[in-house]
2 protein chains.
Amino acid sequence: MSPADPRAVDPRASVGRATMRDVAALSGVSLKTVSRVVNHEAGVSPEVRDRVTRAVAQLDYTHNVHASNLRRTSGRTGTVGALLQDLSNSFSASLLRSIEDVARDASTAVLAGSLDEEADRERVLVKDLVSRRVDGLVLMPATSRQEYLAGELRAGLPVVFVDRTPHGVDADSVTVDNLLGARQATQHLIGHGHRRIAVLSDLVEIETAAQRVRGYREALAAAGITSDPALERTGLRTAASAEHEVRTLFREGPAPTAIFAARNDLAAGTARALRSLGLSHEVAVVGFDDFPLADLLDPPLTVVRQNVTQIGAEVGRLLFSRIAGDTAPPRRVVIEPTLVPRGSGEIPPR
Amino acid sequence: MSPADPRAVDPRASVGRATMRDVAALSGVSLKTVSRVVNHEAGVSPEVRDRVTRAVAQLDYTHNVHASNLRRTSGRTGTVGALLQDLSNSFSASLLRSIEDVARDASTAVLAGSLDEEADRERVLVKDLVSRRVDGLVLMPATSRQEYLAGELRAGLPVVFVDRTPHGVDADSVTVDNLLGARQATQHLIGHGHRRIAVLSDLVEIETAAQRVRGYREALAAAGITSDPALERTGLRTAASAEHEVRTLFREGPAPTAIFAARNDLAAGTARALRSLGLSHEVAVVGFDDFPLADLLDPPLTVVRQNVTQIGAEVGRLLFSRIAGDTAPPRRVVIEPTLVPRGSGEIPPR
DNA sequence: TCGGCGGGAGACATCGTTGTCTGGTCCACG
DNA sequence: CGTGGACCAGACAACGATGTCTCCCGCCGA
């Protein structure tokens, strides 16, 4: 107990936080002994342990995991990164939540970030997370190629791609069969008699979006329907732009009898446009990706559902098995989406 | 360039990650010089700088911020924590996103977690975040009192409460005027002629929920309506439980002519129940807290809206001003919700 | 009485980096 | 030709903790 240390006299006078040194000084033991107590190591007499514990409480000491990890042999930080598209969107949010649940079981914290399809942001944030020495990384990439990750992968950083496959590097991924889902959606509409089917899609630079458009075209081709480029509206980033686009379609033509909205918020925009046009019950709509309340729209929205919880759990499982040391060749998990008919997709053509 | 170091011979042979030592050895300069180059400090000749930069690239060296922060004087980690209710729910997700945006401007990463109203989880996660030395903390508490935070607050940890005010400690908070919002919702229904108004609410142990029920009662009292305890259904945690409760109300009575659903997913459950009962256009509903697509329901849902983006931005602003050193007395920001009439709340009683 | 043994606790080096200080080189100037 | 000051670069300690080793002490059996 050194009276020279102001903290030993009055804990509140502390400038920064108390360290093991302070605890050691106050309890009159060595640094190493404090470490032993804090880490619940054996070989400390109950009496000393008690003295240290009291000092810890008195000084409001809290362990500094960064200093600890620096010295520790394991090299783990107990942190993973999750860089998704937009944390406020229900798909990314649900994904994050599932990852968080797996992480919690592994006593790991999650650093989360939104990429908003900005390639530069991805590179910057990945670099940042590597600097923070995350034990692993979940990535819904905004870049078209990820060669920049090669060094990290070689250094042993576990990376799991989600929703989109890696390009230029080999890594684990969990994706949905977008081609299949888009075919299902389009076939469903064709099966209900539609031949003039429009598709609304995100930027085709995004792999997922491109595949959905391809699935749409394949389904049309398979049914012997010539596709009309004027019915393909791509590059739509927001619900509002989808709404605008649908209005344009019906004002200027060529008016479709059905719409495949290849992302959830584009389906929402479509529903808004159709309602304002009074066509909600005239034009069929199938959306890609389910969302809360889709069943409560008027008419209830038929969607191709991706099981987000399953995807997230799969991502988490893969990531933590890699972190645990699994060095098997990269796995590419592909999950099959399912079509959920609810009403909007079963409207017949006029 | 020490050939004794295997990494200098073959970068791929590296066991762990390259450190400044390795870079220094490969480029034939001292450790400190590498540090200068990496941190873009002045006083390094272009030639040496170049040599170091090449070595950095060759070894895939990445800076270790934990070691760096440990030594640095500022003591900042460039990390904040956000412990919210449930990251997959649109309210928490939007909040997180807004906080993330403010954090990014401050070059700070966000550790996110869901508390699910579990008090123990809150205490464990807060402790974990403190161990990780976050620069600040956003908390949507699951505990009823937060005395356990006193030590951290004294040690200077900035904490901003969101959606719920602190109890037992003094700290910044950003909340919505729930009392006002609930009164607005109830008055709106009364104004449309209703006198038998049910309320659906979360656990009353949650401050927010309790205040909404109180606002409901106050509005009834102000209108001279005797409140009927049988119309108050509290402790509802999920959309499914709200759906079940509404069904029960109409099966066993006392059937209300209007419902105030005091949380967004309870409103969703209510809408489902009413639709299955064929009462969507007979019974008025006002929800608390807007959500995507509420305008697309049938009928469009009237809600009391909290401006989540504004709340999140306010939280971020407060947090980072504290981190920057603002030591003014704790601020309690209260944001006024606004009623958004859309249809469901304007249905007259039968 | 002495040596061996085992448990408790400390000394010391170290993790990867940065702050401080010192020292060496080179050129311009008087 | 000597000196002063830029300018570069390195040596050393320190951040807060842990791994390893050593030391001390008391107890046991011979």
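As the structure is a prediction and not an experimental result, all values here were calculated from the model. Here is the naming used below: chain letters follow the sequence lines, and residue numbers restart at 1 for every chain. The analysis underlying the following values was restricted to heavy atoms, covering all of them including side chains, and did not include hydrogens, waters or symmetry mates.
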Using a heavy-atom cut-off of 4.0 Å across all strands, would you classify [X] as base, sugar-phosphate, or nothing?
| X | value |
| --- | --- |
| His63(B) | sugar-phosphate |
| Val44(A) | sugar-phosphate |
| Val48(B) | sugar-phosphate |
| Val29(A) | sugar-phosphate |
| Asn69(B) | nothing |
| Val65(B) | nothing |

Is [X] reaching over with its side chain to a backbone N or O of [Y], donor-acceptor style, under 3.5 angstrom?
| X | Y | result |
| --- | --- | --- |
| Thr53(A) | Arg51(A) | no |
| Thr143(A) | Pro141(A) | no |
| Ser92(A) | Asp86(A) | yes |

Rounded to the nearest Å, what distance is computed from the [atom1] atom of residue [X] to the [atom2] atom of nucleotide [N]?
| X | N | atom1 | atom2 | answer |
| --- | --- | --- | --- | --- |
| Glu41(B) | dC8(D) | CD | P | 13 Å |
| Arg132(B) | dA17(D) | CZ | P | 15 Å |
| Arg21(B) | dT17(C) | CZ | P | 11 Å |
| Arg76(B) | dG16(D) | CZ | C1' | 19 Å |
| Tyr61(A) | dG16(D) | OH | C1' | 8 Å |
| Asn64(A) | dA17(D) | CG | C1' | 8 Å |
| Arg72(B) | dG19(C) | CZ | C1' | 11 Å |
| Arg36(B) | dC7(D) | CZ | C1' | 11 Å |

Before accepting this row, confirm whether a basic side-chain N of the pair Arg97(A)/Asp116(B) lies closer than 4.0 Å to the acidic partner's carboxylate O.
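A salt bridge links Arg97(A) with Asp116(B).
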Check this for me: does any side-chain nitrogen of one of Arg332(B) and Asp170(B) sit under 4.0 Å from a carboxylate oxygen of the other?
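Here Arg332(B) pairs with Asp170(B) in a salt bridge, since their nearest N and O are under 4.0 Å apart.
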So if I take every side-chain heavy atom of [X] and compare against [options], which nucleotide ends up nearest?
| X | options | answer |
| --- | --- | --- |
| Lys32(B) | dT18(D), dA11(D), dG10(C) | dA11(D) |
| Leu70(A) | dT18(C), dA9(D), dG16(C) | dG16(C) |
| Arg71(A) | dG16(C), dG8(C), dT14(C) | dT14(C) |
| Leu31(B) | dG16(D), dA9(D), dT18(C) | dT18(C) |
| Ser68(B) | dA17(D), dT18(C), dA9(C) | dT18(C) |

[N] phosphate, OP1 or OP2, under 4.0 Å from [X] side-chain N/O:
| X | N | result |
| --- | --- | --- |
| Ser30(A) | dA11(C) | no |
| Thr33(A) | dA9(C) | no |
| Ser35(A) | dT18(D) | yes |

Whether the side chain of Arg17(A) and the base of dG16(D) hold a donor-acceptor pair under 3.5 Å is what I'd like checked.
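No, the side chain and the base share no sub-3.5 Å donor-acceptor pair.
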Do Val29(A) and Val48(A) have side chains that get closer than 4.5 Å, going by heavy atoms?
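They are in side-chain contact.
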When you match Val34(A) and Arg133(A) each to their closest nucleotide on DNA chain C, which lands nearer the 5' end?
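First, find each residue's nearest nucleotide; the 5'-ward one identifies Val34(A).
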